[in-house]
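In what follows, chains are A, B, ... by sequence order, proteins preceding strands, each numbered from 1.
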Number of protein chains: 2
Amino acid sequence: MSQTVDRALSILPLLAEGPADLGQVADRLGVHKSTALRLLRTLHEHGLVYRQSDQRYRLGARLFALAQEAMENLDVREIAHPHLARLNEACGHTVHLAVHEEGEVLYIDKVESRYPVRMYSRIGRPVAITVAAVAKLLLADLPEPERRAVAEKLDYPLYTARSTPNAPAFLRELEKVREQGWATDLGGHEESINCVAAPIRGADGRVVAAMSVSAPNVVVTADELLTLLPLVRRAADAVSGEYSGRNPITQAAKE
Amino acid sequence: MSQTVDRALSILPLLAEGPADLGQVADRLGVHKSTALRLLRTLHEHGLVYRQSDQRYRLGARLFALAQEAMENLDVREIAHPHLARLNEACGHTVHLAVHEEGEVLYIDKVESRYPVRMYSRIGRPVAITVAAVAKLLLADLPEPERRAVAEKLDYPLYTARSTPNAPAFLRELEKVREQGWATDLGGHEESINCVAAPIRGADGRVVAAMSVSAPNVVVTADELLTLLPLVRRAADAVSGEYSGRNPITQAAKE
DNA sequence: ATGGGCGTTGCGCACGTTGCAACGCTCCTG
DNA sequence: CAGGAGCGTTGCAACGTGCGCAACGCCCAT
């Protein structure tokens, strides 16, 4: 809506790909060098862009700080963290917390597996939305028309043979997840990794977040992982209760 | 330099404090509501702000993604990480990696202590620049005039009785650190926590990052922690060698 | 009912932003 | 060592865009 700001902000994802010099930025923005310079200067003053010793620009430090502060304002995260930790202690596997925002699903917290073989993931990184168990839960809760709209717009990359192939299949899966109240990803993203996930609901019953337990085949089979479902659901329900203000704080969460 | 962008970017730190509605944003920017609305819309389109269900704005998801990508473009971090991990395995304490940028020093990586008592810190968060061991190393390497300029501008909060009290004391400390090639923080930030740090240098000999080992008194005394200094320096030197391209990859780092 | 608070829209004018051209600089190359 | 190419930087005048205003619609509380 605002041309100047729009251009300035377009610089950020551009620099995210890697450092670039003034000319490159100007070219990719389709503006004159002097314009790009002014925009970069403004970004620089706000610390979003840093000028490294070779004069090239890259993303700046304030970005980290902002992202951190944004994190801390997500109160689901704060409430859920001790529960994630306890769940991890109970089963030993990697535990994730994810939320839905603007068509993306992203991990906002994680407790690493205690086994040597771990799955790769990063907090803040969008998840594979068509296959991840947490994504299914978060999307399944959307009102029907919106859910369909989202499903139509998505790409369906075939990470593995078991990946969700297309929109109709995805919508069917979401319907199932919606009914059963939990979700799985059995090798749909990485052949050898399975997940079980359960929803976290707010006071109004809407799904605000989802938590999952992930483990590679070499550690536990899919069937064994499924036996953890009650544990995951209990943890998620505990967070739900706390988040919606029903249960003040569960005893276990205190310590 | 660019008014519109300047105003738009000023919204971000403002929202970092917590969600705010249109009126609040407009007030704190000192602009008309309609102006604030347009700016917020533009930020929204780029995913930097998110409109939550109660219509208030808060920082958005793309911010996380950007910060993550920015991280991954810091190649020191990538190179250093395995060394941090091994250092942590060797001594068991919390290991930090920090860089200097635009007058701030911030942690860009961390491996948690294996002891139950841990120090609080967060990746991306600026460190207590006047007392942290890593900050001393990074600032000590600046050319003298710049170093003095920075020292003069800083605040010297008295976190503890042993905190650096003022600019002259800080400059003396930096001089000492510069000469000895390593730094400590003995209870200068938190009464019961000590750190030892060593510098990581680029091909030109300039300090590009610093790594430290931190531990609370209750786990090891300051003297005991100091015995780890050779270990820390060796790790830092290994990173320096790899980063500057001298040693391709050390054997230990491979596994 | 009615007022206040909120976000939103259309509009005309002013001002901030734009692209150009010219400059200074460093780094190659002949 | 002169010359040229490539880069970032500056001042300027013309344009276009973002600005504040005022009015509207909406929801909630009184």
*Roughly, in whole Å, what's the span from CG in A:Leu39 to P in D:dT9?*
13 Å
*Which whole-number value in Å describes the distance from A:Leu37 CG to C:dG19 C1'?*
13 Å
_Steps toward side chain to side chain contact (heavy atoms under 4.5 Å, CB included) verdict (A:Val49, A:Thr42)_ = CA-CA 9 Å; A:Val49 153; A:Thr42 313; over 6 Å; no
*For DNA chain C, determine which residues of residues 26-36 of chain B have any heavy atom closer than 4.0 angstrom to one of its atoms, and list them numerically.*
B:Lys33, B:Ser34
*What's the closest nucleotide to the A:Gln3 side chain, out of C:dT8, C:dG19, D:dT17?*
D:dT17
*Nearest to side-chain heavy atoms of B:Tyr57, which nucleotide of C:dT8, C:dG7, D:dT9*: C:dT8
*Shortest side-chain distance from B:Arg41, nucleotide among D:dG20, C:dT9, C:dT18*: C:dT9
*Hey, does A:Pro199 have a side-chain heavy atom less than 4.5 Å from the side chain of A:Asp141?*
no
*Pair B:Glu17 + B:Arg58: basic N to acidic O under 4.0 Å*: no
*Can a donor-acceptor pair be found between the side chains of B:His81 and B:Asp109 at a distance below 3.5 Å?*
yes
*Rounding to a whole Å, what distance do you find between A:Asp6:CG and D:dG16:C1'?*
16 Å
_Salt-bridge contact A:Arg147-A:Glu152 (side-chain N to carboxylate O under 4.0 Å)_ = no
*If each of A:Gly23 and A:Arg38 is mapped to the nucleotide of DNA chain D with the nearest heavy atom, which maps nearer the 5' terminus, i.e. the 5' end?*
A:Gly23
*Across the strands shown, which category fits A:Arg56 at heavy-atom distances under 4.0 angstrom: base, sugar-phosphate, nothing?*
nothing
*Please give, in whole Å, the distance from D:dG11 P to B:Met1 CE?*
10 Å
*Measure from the side chain of B:Leu22, starting at C-beta and using heavy atoms only, and say which of C:dT8, D:dC19, D:dT17 lies closest.*
C:dT8
*Kindly say if B:Arg7 contacts the phosphate of C:dG16, meaning a side-chain N or O under 4.0 Å from OP1 or OP2.*
no
_Rounding to an integer number of Å, can you tell me how far A:His44 NE2 sits from D:dG8 P?_
15 Å
_Whole angstroms only, please: what is the CG-C1' distance between A:Asp21 and C:dT26?_
15 Å
*Dump the intermediate steps for side chain to side chain contact (heavy atoms under 4.5 Å, CB included) on B:Asp21 and B:Tyr57, then the final yes or no.*
CA-CA 6 Å; B:Asp21 60 34; B:Tyr57 296 89; 5.9 Å; no
*Is the closest side-chain heavy-atom distance between A:Ser212 and A:Val232 below 4.5 Å?*
no
*Toward the 5' end of DNA chain D, which comes first, B:Thr4 or A:Gln55, by nearest nucleotide?*
A:Gln55
